[in-house]
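In this text, all values refer to a predicted model and were calculated from it rather than measured experimentally.
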Amino acid sequence: MNITFEEILLNARHYHASDIHLIAGLPPAWRVNGNIILGEAEPFTPADLQGLIDNALNDEQKKTFQKNMALCYSMTHPEWGRFRVSVYLRNGSPELAVRVCATSLRTREQLGLPAQLDELIERPNGLILVTGATGSGKTTTMNYLIDQINSRRCGKIITIEDPIEYVHSHKQCIVVQQELFSDVVSFESGLLHILRQDPDIIGIGEMRNLDTIETALTAADTGHLVLATLHTSSTINTIERIVGVFPPSKQPQVILQLSNTLLGILSQQLLPTIGNRGRALAYELLLVDAPERNIIRENAAHKLRTQLEMGGKRGMRTMDHSLIDLHERGQINYDTLLSHAVAPDAVRQHFKRKTTV
């Protein structure tokens, strides 16, 4: 191995990479503006990567990796900052995917987030969800929201994260950040303990299963402001997923809790910009008020599509509206727009109408 792990981390910061990939048979690779760039170094051998893992992990982490055949943890380098490391096996040999954590938080304008989020976090209780695929910026948005709450109001914020990517200092709030497997055994058990620690705001790195979702809904229903992420592709799909996780006997209660507590859902995509100058955020935003609560109580989430399309004056936006806006502002090209659109045929018709006017 003719490049050290420290040099790999340094290059990641130098190139403003979002991720690092260390794979047998390839040189080190960095993801920059959504694209993979291969380094000019000798390809890693399985022995190289095994040696790197042996040096990087402590005894407890090695035991966990041997047992689960996968491991995710955070590390902090004294010069290059914080990184989230995921170790996995391929053909019986370890490989690594490393997320390069932000050293500072960007503003809402820099992130491209809607102003309505700043209004939602002023609410004393309820549930705010940030959704999207892996790599869509959910954690960045969550940390922005936590920082804004920390800067604006007094209280106690407790988070459970897998792992911690950005360390928050105490500003107006007391901030307690707990990491999965280091501080808590699971999201669901950690959440149960959090409710006994006098929190005002609870941040959940990911609502992964029925127990986590159930506890999050209960927390939001009992006077806490809960922020959480979910791996879903749209606002409507998020509601259907939450309800569908539960057995039929429990769904009426879940629907009632969701209708009473949900404040808003932001679904995200990060897209390559024209000229690869960076990535642009496309989003769908559902804001929940009396009409939306009634629809959720009716278990008719599909009707929320009309609310999204008609709710522009309230700040709501469909994903396709956001994509069209990015294209018209010259941030993404037409092919990117169509490939990420929910209804590409409707998008094509939108531009045909514009050209005939």
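- A heavy-atom distance below 4.5 Å is found between the side chains of R297 and N260.
- Taking hydrophobic clusters as Ile, Leu, Val, Met, Phe, Trp and Tyr residues chained together by side-chain heavy-atom distances below 4.5 Å, V100 does not share a cluster with I36.
- Both L57 and L89 belong to a single network of hydrophobic side chains, linked directly or stepwise wherever heavy atoms of I, L, V, M, F, W or Y lie under 4.5 Å apart.
- Annotation: side chain of D147 is in contact with side chain of K171 (closest heavy-atom distance under 4.5 Å).
- For the ring-ring contact (aromatic ring centres under 6.0 Å, His included) test, no residue two or more places apart in sequence or in another chain qualifies with H302.
- No donor-acceptor pair under 3.5 Å is formed between the side chain of D320 and the backbone N or O of A341.
- The minimum heavy-atom distance linking L191 with A216 is given by the pair CD1-N, 4.3 Å.
- The number of heavy-atom neighbours closer than 6.0 Å to CZ of F65, taken from other residues, nucleotides and ligands shown, is above 12.
- When the side chains of ILVMFWY residues are joined at heavy-atom separations under 4.5 Å, either directly or via intervening members, M142 and L105 end up in two distinct hydrophobic clusters.
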Using the rule given for side chain to side chain contact (heavy atoms under 4.5 Å, CB included), can you reason through L263 versus V288, listing the C-alpha separation, both sets of side-chain angles and the distance that settles it, and then say yes or no? CA-CA 5 Å; L263 301 177; V288 180; 5.8 Å; no
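- When atom types are taken as modelled, the side chain of Q251 and the backbone of F246 share a donor-acceptor pair closer than 3.5 angstrom.
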After noting the C-alpha distance and the side-chain angles of L120 and L287, does the key distance pass the side chain to side chain contact (heavy atoms under 4.5 Å, CB included) rule? CA-CA 9 Å; L120 287 184; L287 301 172; 4.0 Å; yes
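- For the pair I201 and R153, the minimum side-chain heavy-atom distance is below 4.5 Å.
- Rounding to the nearest 0.5 Å places CG of L22 at 5.0 Å from CG of L96.
- Between the side chains of S234 and S267, no donor N or O sits under 3.5 Å from an acceptor N or O.
- Atom CG in D183 sits 6.5 Å away from atom CD in E179 (nearest 0.5 Å).
- For residues 257-280, no residue pair satisfies the salt bridge (Lys or Arg N to Asp or Glu O under 4.0 Å) rule, not counting sequence neighbours.
- Here the CD-CG distance, from E188 to N209, works out to 4.5 Å after rounding to the nearest 0.5 Å.
- Atoms CG and CG, from L227 and L127 in turn, are 8.5 Å apart once rounded to the nearest 0.5 Å.
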Can you check salt bridge (charged side-chain N to carboxylate O under 4.0 Å, His left out) on R293 and E298, steps first, answer last? CA-CA 9 Å; R293 296 193 192 286; E298 294 169 4; over 6 Å; no
Residues I23, R90; criterion side chain to side chain contact (heavy atoms under 4.5 Å, CB included); working and verdict: CA-CA 9 Å; I23 295 174; R90 183 172 68 94; 3.5 Å; yes
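- Contact between N33 and G278 at its shortest, heavy atoms only, is OD1-CA, 3.1 Å.
- For H168, the ring-ring contact (aromatic ring centres under 6.0 Å, His included) partners at least two apart in sequence or on another chain are Y166.
- Taking each heavy atom of N150 and C173 in turn, the nearest pair found is OD1-N, 3.1 Å.
- The OG1 atom of T232 lies 7.5 Å from the CD1 atom of I242; values are rounded to the nearest 0.5 Å.
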Stepwise salt bridge (charged side-chain N to carboxylate O under 4.0 Å, His left out) check, R152 with E122: CA-CA 9 Å; R152 296 178 182 198; E122 296 290 344; 2.9 Å; yes
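- Shown here is K303, whose NZ atom has no more than 12 heavy atoms of other residues, nucleotides or ligands within 6.0 Å.
- Residues Q269 and S136 bring no donor and acceptor atom of their side chains to less than 3.5 Å of each other.
- Checking Y144 against D118 by side-chain atom types alone, a donor-acceptor pair falls below 3.5 Å.
- Taking all atoms of both residues into account, the shortest heavy-atom contact from A29 to L38 is CB-CD2, 3.6 Å.
- Remark: the E284 side chain and the S322 side chain contain no N/O donor-acceptor pair separated by less than 3.5 Å.
- Side-chain atoms of R82 and T76 form a donor-acceptor pair, as typed in the model, at a separation below 3.5 Å.
- With no hydrogens or angles considered, a side-chain donor-acceptor pair links E95 and Y88 at under 3.5 Å.
- Between A282 and L271 the shortest heavy-atom distance is CB-CD1, 4.0 Å.
- A donor-acceptor contact under 3.5 angstrom links the side chains of D54 and Q50, judged on distance only.
- Shown here is E79, whose CD atom has more than 12 heavy atoms of other residues, nucleotides or ligands within 6.0 Å.
- Under 3.5 Å, the side chains of T141 and Q268 contain a donor-acceptor pair of N or O atoms.
- Using cut-offs of 30° and 60° for the angle between ring planes, the H327 and Y334 rings count as tilted.
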Apply the test salt bridge (charged side-chain N to carboxylate O under 4.0 Å, His left out) to residues R329 and D325: give CA-CA distance (whole Å), side-chain angles for both, the deciding distance (0.1 Å), then the verdict. CA-CA 6 Å; R329 288 194 282 119; D325 181 56; 3.0 Å; yes
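- Shown here for L285 and G315, the closest heavy-atom pair between the two residues is CD2-O, 3.4 Å.
- Distance CG/L262 to CG/L129: 6.0 Å, rounded to 0.5 Å.
- Contact of the R317 side chain with the P114 side chain is not registered, since no non-hydrogen atoms from C-beta on lie closer than 4.5 Å.
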Could you check K156 against D200 for salt bridge (charged side-chain N to carboxylate O under 4.0 Å, His left out), going step by step and ending with a plain yes or no? CA-CA 5 Å; K156 185 177 184 181; D200 299 289; over 6 Å; no
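- I37 and W80 fall within a single hydrophobic cluster, where Ile, Leu, Val, Met, Phe, Trp and Tyr side chains are chained together by heavy-atom contacts under 4.5 Å.
- For the residue pair Q178 / E161, no side-chain donor-acceptor distance below 3.5 Å is found, with atom types taken as modelled.
- Judged by the 6.0 Å distance and 45° axis criteria, R13 is positioned over the aromatic ring of F83.
- When only modelled atom types and interatomic distance are considered, T238 and T235 share no side-chain donor-acceptor pair under 3.5 Å.
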Evaluate N125 against D221 for side chain to side chain contact (heavy atoms under 4.5 Å, CB included), listing each step before the verdict. CA-CA 8 Å; N125 54 65; D221 207 17; over 6 Å; no
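- Side-chain atoms of N333 and T336 include a donor-acceptor pair closer than 3.5 Å.
- In this structure, L10 is a member of the same hydrophobic cluster as F5, with clusters built from ILVMFWY side-chain heavy atoms closer than 4.5 Å.
- Between the side chains of D48 and T45, a donor-acceptor pair is found at a separation under 3.5 Å.
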